[in-house]
**Student:** 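Before I ask anything, here is the structure I am working with.
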2 protein chains.
Amino acid sequence: MDTKEEILKNVNTLFAQKGYSLSMSDIAKSVGIKVPSIYNHFTGKDEIIWTAIQIEVADFFEFMDMELIQINATPSLERLKLLFYSIIQYFAYGDKIQFWRNMSLISNLELRKNTNALICDMENNMYKKLQMIFIECLPDKKTEYENIEDIVLFYFLMIKGLLDVMITHQDIQFELSTYIDKIWNTYWGLISRA
Amino acid sequence: MDTKEEILKNVNTLFAQKGYSLSMSDIAKSVGIKVPSIYNHFTGKDEIIWTAIQIEVADFFEFMDMELIQINATPSLERLKLLFYSIIQYFAYGDKIQFWRNMSLISNLELRKNTNALICDMENNMYKKLQMIFIECLPDKKTEYENIEDIVLFYFLMIKGLLDVMITHQDIQFELSTYIDKIWNTYWGLISRA
DNA sequence: GTCTATATGTTGATAGAC
DNA sequence: GTCTATCAACATATAGAC
């Protein structure tokens, strides 16, 4: 792997741990080079972080697209559950939740604005795709189409809320998988009867 | 107001903006004193931040207790809605969402552990109190007691998810109040039919 | 209680040798 | 492409005068 890729890979971990306050020396140390060498690949710290963020968002986007294709193979009723668990697992792996959290808290205003705009774009795109999945998966239910919008919104909220819980409980003993099951069952129970 | 209070008040804003990476000179400048003067009131940066966090969590706790008392005056069915809007408004005021977000992302491991433990304690306490409100407010519904637990869990998740959206959309044009109404109506619609 | 002066380390970034 | 050397600015923290 070339140095540039190596830098970006390590910045992923460092940004998750320290957010925008990660230092150039942190990066250099993790890669095994000296600080000035970094400037041969990037113009500065902001460019490195912004690149890492763009890659991570694109990665998640790609992951979601792959998942949406894959779930076509499963029975309609199972798809939403499968997708839910996949998304949670994506963020649970490594430090991804912390990474995404730090994205929205960057103290550099311009960088944060760009980042949040990127996240919103991605979410709106996902929102539309999810809506189609929902319409497909809940055809025999009495759910009106206008309600589907709200139910998709809730699907997002549930995931966001769950990720928040996972952050807060990161350092303490916690039966996560039971908790996740409970949440899904509640959600499914609620929308099935709606 | 004495200097110590003034420091803590300003640290509240600074921590919301910069998180753990706020600097002693940031604090000094905001209060209008020199850095060494801060050490006459606190042993160091960690103590200041930890104190500010404890105060904020206690403040929220107190706020919730006051709200729980106040809503007794409203009709049973309106209580949960009123409480929902109150909580959202609490966090929407000033930089409180950012403050709470930064709490869970402190790069100092020990401080973060203590902080998250504090948050969990507070939430567990709130959880129990909310459960009682729910049992009181949904007596004529066919909701079984075991379901109430899950519905309260969802009440929390919905709020957490909504706060996440508010963070992501902080810098862009966004019809927040419409969005909030939509979420509440969906939630209420779902649990009313359950 | 607040200050000046200072210690000691770290930050992001650049110049220029190899 | 990587390095050493260097920079000015900043960090947390302390000693000691007033």
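Keep in mind that what you see is a predicted model, and the values were worked out from it rather than measured. Note on naming: letters A, B, ... go to the chains in the order of the sequence lines (proteins, then strands), and numbering restarts at 1 for each one.
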**Student:** Yes or no on side chain to side chain donor-acceptor pair (under 3.5 Å) for B:Asn116 and A:Thr168, after CA distance, side-chain angles and deciding distance?
**Tutor:** CA-CA 5 Å; B:Asn116 280 334; A:Thr168 315; 5.1 Å; no
**Student:** In a table with atom names and distances, give each donor-acceptor pair under 3.5 Å that connects a side chain of residues 172-180 of chain B to protein atoms at least two apart or in another chain.
**Tutor:**
unit_1	atom_1	unit_2	atom_2	d
B:Glu175	OE1	B:Thr178	OG1	2.7

**Student:** Without decimals, in angstroms, what is the distance between B:Met24 CE and D:dA11 P?
**Tutor:**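 Checked: the CE to P distance equals 11 Å.
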**Student:** Nearest whole angstrom, please: distance from the P of C:dT11 to the CG of A:Asp46.
**Tutor:**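 Atom CG in A:Asp46 sits about 16 Å away from atom P in C:dT11.
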**Student:** Are any non-hydrogen side-chain atoms of B:Asn185 and A:Asp150 less than 4.5 angstrom apart?
**Tutor:**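 The answer is no, as the side chains (C-beta and beyond) never meet within the 4.5 Å cut-off.
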**Student:** May I ask you to list the residues of residues 5-19 of chain B, by number, that have any heavy atom positioned under 4.0 Å from an atom of DNA chain D?
**Tutor:** none
**Student:** Would you check if the distance from the ring center of A:Phe84 to the ring center of A:Tyr187 is below 6.0 Å?
**Tutor:** no
**Student:** Fill in the dot-bracket string of DNA chain D, one character per base: . for unpaired, | for a pair to another strand, ( ) or [ ] for pairs within the strand, taking Watson-Crick or G-U pairs under 3.5 Å.
**Tutor:** ||||||||||.|||||||
**Student:** Residues two or more places apart in sequence or in another chain: which of them pass side-chain hydrogen bond (donor to acceptor under 3.5 Å, both in side chains) with A:Glu78?
**Tutor:**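 Here no residue qualifies.
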**Student:** Could you list the residues that satisfy ring pair (Phe, Tyr, Trp, His ring centres under 6.0 Å) with B:Phe15, not counting sequence neighbours?
**Tutor:** B:Phe99
**Student:** Would you give the length of the straight line joining atom CH2 of A:Trp188 to atom CG of A:Leu190, rounded to the nearest 0.5 angstrom?
**Tutor:**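 Separation between the atoms: 12.0 Å.
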**Student:** Give me each pair satisfying ring pair (Phe, Tyr, Trp, His ring centres under 6.0 Å) with a member in residues 60-83 of chain A, each pair once, sequence neighbours excluded.
**Tutor:** A:Phe60-A:Tyr90, A:Phe60-A:Phe91, A:Phe60-A:Trp100, A:Phe63-A:Tyr90
**Student:** Starting at CG of B:Leu22 and ending at C1' of D:dT12, how long is that distance when rounded to a whole Å?
**Tutor:**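 In whole Å, D:dT12 C1' lies 12 Å from B:Leu22 CG.
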**Student:** Tell me which donor-acceptor pairs under 3.5 Å the side chains of residues 34-45 of chain A have, and how far apart each pair is, sequence neighbours excluded?
**Tutor:**
unit_1	atom_1	unit_2	atom_2	d
A:Thr43	OG1	A:Glu47	OE1	3.4
A:Lys45	NZ	A:Tyr20	O	2.8
A:Lys45	NZ	A:Leu22	O	2.9

**Student:** Filter on salt bridge (charged side-chain N to carboxylate O under 4.0 Å, His left out), then keep only pairs touching residues 48-76 of chain B, sequence neighbours left out; what's left?
**Tutor:**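 Qualifying pairs, neighbours excluded: B:Glu56-B:Lys96, B:Asp65-B:Lys129.
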**Student:** Pairs in or reaching into residues 164-174 of chain A: which pass salt bridge (charged side-chain N to carboxylate O under 4.0 Å, His left out), with residues at least two apart or in two chains?
**Tutor:** A:Arg101-A:Asp164, A:Asp164-B:Lys160, A:Asp171-B:Arg112
**Student:** Please list, by residue number, the residues of residues 102-114 of chain B whose heavy atoms come closer than 4.0 Å to an atom of DNA chain D; answer none if no residue qualifies.
**Tutor:** none
**Student:** In this structure, how many angstroms lie between the P atom of D:dG1 and the CD1 atom of A:Ile38, rounded?
**Tutor:**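 Distance check: A:Ile38 CD1 to D:dG1 P gives 14 Å.
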**Student:** So which heavy atom on B:Leu14 is nearest to which on B:Ser30, and how close?
**Tutor:** CD1-OG, 4.0 Å
**Student:** Given atom CG of B:Asp26 and atom P of D:dA13, what is their separation to the nearest angstrom?
**Tutor:**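 After rounding, the gap between these two atoms is 14 Å.
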**Student:** Go along nucleotides 2-7 of chain C 5' to 3' and tag each nucleotide: B for a protein heavy atom under 4.0 Å from its base, S when only backbone or sugar atoms are that close, - otherwise.
**Tutor:** BBBB--
**Student:** Going by the rule side-chain hydrogen bond (donor to acceptor under 3.5 Å, both in side chains), which residues pair with B:Gln17 if we only count those two or more places apart in sequence or in a different chain?
**Tutor:**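 Residues passing side-chain hydrogen bond (donor to acceptor under 3.5 Å, both in side chains) with B:Gln17: none at all.
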**Student:** Whole angstrom is fine here: how far is it from OH in B:Tyr39 over to P in D:dT14?
**Tutor:** 7 Å
